[in-house]
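Step one of this worksheet: look at the structure below.
The structure presented is a predicted model; accordingly, all values stated were derived computationally and were not measured.
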Amino acid sequence: MSQEFSIVRAKAAVMIYEDKTKKWIPSMGMNGFANVHIYQHTVNNSFRIVGRLIQDHSVVINASLVKGLRYNVATPTFHQWRDQRQVYGLNFANKAEAEEFSKQAQNALDQLASGQAIPPPQVAGNMQKQQATMDEIDKKAKEAEEMREREMAARRERDDEIRRREEEQRRLEVEAEKKKQEELQQQRDAEERDRRERIERERLEREKQVRSRDLEDRFLYLDDGHAVAIFI
């Protein structure tokens, strides 16, 4: 049977402080939340913080809590501490988990300072209680995430439907404008044909009148009304 028990678990993003850039960066270069535990070894009364990514269970932290270590609650949801190698940070998913994790971390440090360990049965009982609580939190978080995903899917579907309607409206407007322009062009073409036909009729009429006058000029009308052709 394992002699190491989880006394608390919380959902947090594990960060490390990079001295070169003076910035917090994801531990192991892996973004995302991890299930972070404080494990207690009940024989030698040692403690370590271990975190595995929820996505693929990759280990992103495995750091010992040692006597004299200072666990700093920088903000209600961001805690940090330093060991001989690294400065670690935990960005918790919520305040309640952060408070419980901080409480258990401080209890562990107090035990290390005093040299008094919690008896194994009590540790096991705490572990089972914490496990049940965290399982319920995970269940609710999973349900909430599934609800958010459904809401996002419904929102995307609504947005797609609105976009399709807008595109259809724009298509209809373009077709209506195109039809309107075609009708206007047909009207202009018809007016141009009428104008040309009118000009042609007027030209023919003028030519007819000219020919008629020329013909009249070739006859000499006498007093009795008889016409005599004049040849020049």
Side-chain angles (χ1 to χ4, degrees), residues 1-67 69-109 111-112 123-124 126-153:
M1 182 177 177
S2 174
Q3 296 176 319
E4 196 171 40
F5 297 90
S6 173
I7 60 175
V8 68
R9 183 182 70 174
K11 184 184 294 185
V14 182
M15 314 294 288
I16 59 173
Y17 188 76
E18 188 176 61
D19 289 331
K20 183 178 180 181
T21 60
K22 305 299 182 184
K23 292 181 180 180
W24 288 99
I25 61 174
S27 178
M28 312 298 287
M30 299 180 181
N31 289 301
F33 282 110
N35 284 322
V36 183
H37 297 255
I38 297 179
Y39 287 103
Q40 179 184 10
H41 196 288
T42 57
V43 174
N44 57 24
N45 195 36
S46 62
F47 299 86
R48 64 191 180 110
I49 296 178
V50 178
R52 294 179 179 272
L53 281 181
I54 295 175
Q55 183 177 0
D56 60 9
H57 305 290
S58 299
V59 176
V60 288
I61 185 172
N62 186 359
S64 297
L65 289 177
V66 297
K67 184 177 179 180
L69 182 146
R70 180 183 176 187
Y71 186 89
N72 180 37
V73 179
T75 73
T77 56
F78 187 81
H79 302 173
Q80 63 188 58
W81 71 96
R82 178 191 297 271
D83 63 15
Q84 295 179 346
R85 299 178 305 153
Q86 188 68 58
V87 179
Y88 298 95
L90 295 178
N91 192 14
F92 292 92
N94 61 70
K95 185 177 179 181
E97 291 187 25
E99 289 178 350
E100 182 63 23
F101 196 91
S102 172
K103 176 182 176 181
Q104 295 301 329
Q106 194 58 56
N107 286 342
L109 292 173
Q111 289 182 57
L112 291 171
V123 171
N126 287 344
M127 182 275 293
Q128 292 174 354
K129 181 179 178 180
Q130 291 293 331
Q131 185 70 32
T133 301
M134 294 307 299
D135 286 346
E136 181 64 21
I137 291 174
D138 283 348
K139 180 181 178 181
K140 291 181 178 179
K142 183 178 180 181
E143 291 174 351
E145 182 64 25
E146 290 175 349
M147 181 176 294
R148 282 194 296 271
E149 290 178 355
R150 289 194 297 269
E151 290 175 351
M152 289 178 63

Any N94 side-chain heavy atom under 4.5 Å of T77 side chain: no
Would you say the side chain of L109 lies within less than 4.5 Å of the side chain of L69, judging by non-hydrogen atoms? yes
Might you point out which heavy atoms bring A34 and G51 nearest each other, and give the distance in Å? CB-C, 4.5 Å
How long is the straight-line distance from CD of Q104 back to CD1 of I38, given to the nearest 0.5 Å? 6.5 Å
Check whether any side-chain heavy atom of I49 sits under 4.5 Å from a side-chain heavy atom of Y88, and report yes or no. no
Contact check, side chains of S58 and M28, non-hydrogen atoms, under 4.5 Å: no
For the residue pair R85 and D83, what are the closest heavy atoms and their distance? N-OD1, 2.8 Å
So the side-chain hydrogen bond (donor to acceptor under 3.5 Å, both in side chains) pairs with at least one residue in residues 23-33 (sequence neighbours excluded) are none
NZ-CD distance between K95 and E100, expressed to the nearest 0.5 angstrom: 14.5 Å
side-chain contact (heavy atoms from CB on, under 4.5 Å) between V14 and L90, worked out: CA-CA 5 Å; V14 182; L90 295 178; 3.8 Å; yes
CD1 of I16 to CD1 of I25: how many Å apart, nearest 0.5 Å? 4.0 Å
All heavy atoms of W81 vs all of R70, minimum pair found to be CB-O, 3.4 Å
Search all heavy atoms of L65 against all heavy atoms of L112 and return the closest pair with its distance. O-CD1, 3.2 Å
To the nearest 0.5 Å, atom CZ of F92 lies from atom CZ of F78 at 9.5 Å
Of all the heavy-atom pairs spanning A13 and F33, show the shortest one and how long it is. N-CD2, 3.5 Å
Using side-chain heavy atoms (C-beta onward) and a distance below 4.5 Å, is M30 in contact with Q55? no
Check whether E97 reaches the backbone of R9 with its side chain - one donor and one acceptor, N or O, closer than 3.5 Å. no
Find the distance between NE2 (H79) and CD (E99) and round it off to the nearest 0.5 Å. 8.0 Å
Enumerate the residue pairs fulfilling salt bridge (charged side-chain N to carboxylate O under 4.0 Å, His left out) with a member in residues 38-56, sequence neighbours excluded, ordered by first and then second residue. E4-R48
Where does the angle between the aromatic ring planes of F101 and Y71 fall among parallel (under 30°), tilted (30 to 60°) and perpendicular (over 60°)? tilted
Using 0.5 Å steps for rounding, measure from the CZ atom of F5 to the CD1 atom of I7. 12.0 Å
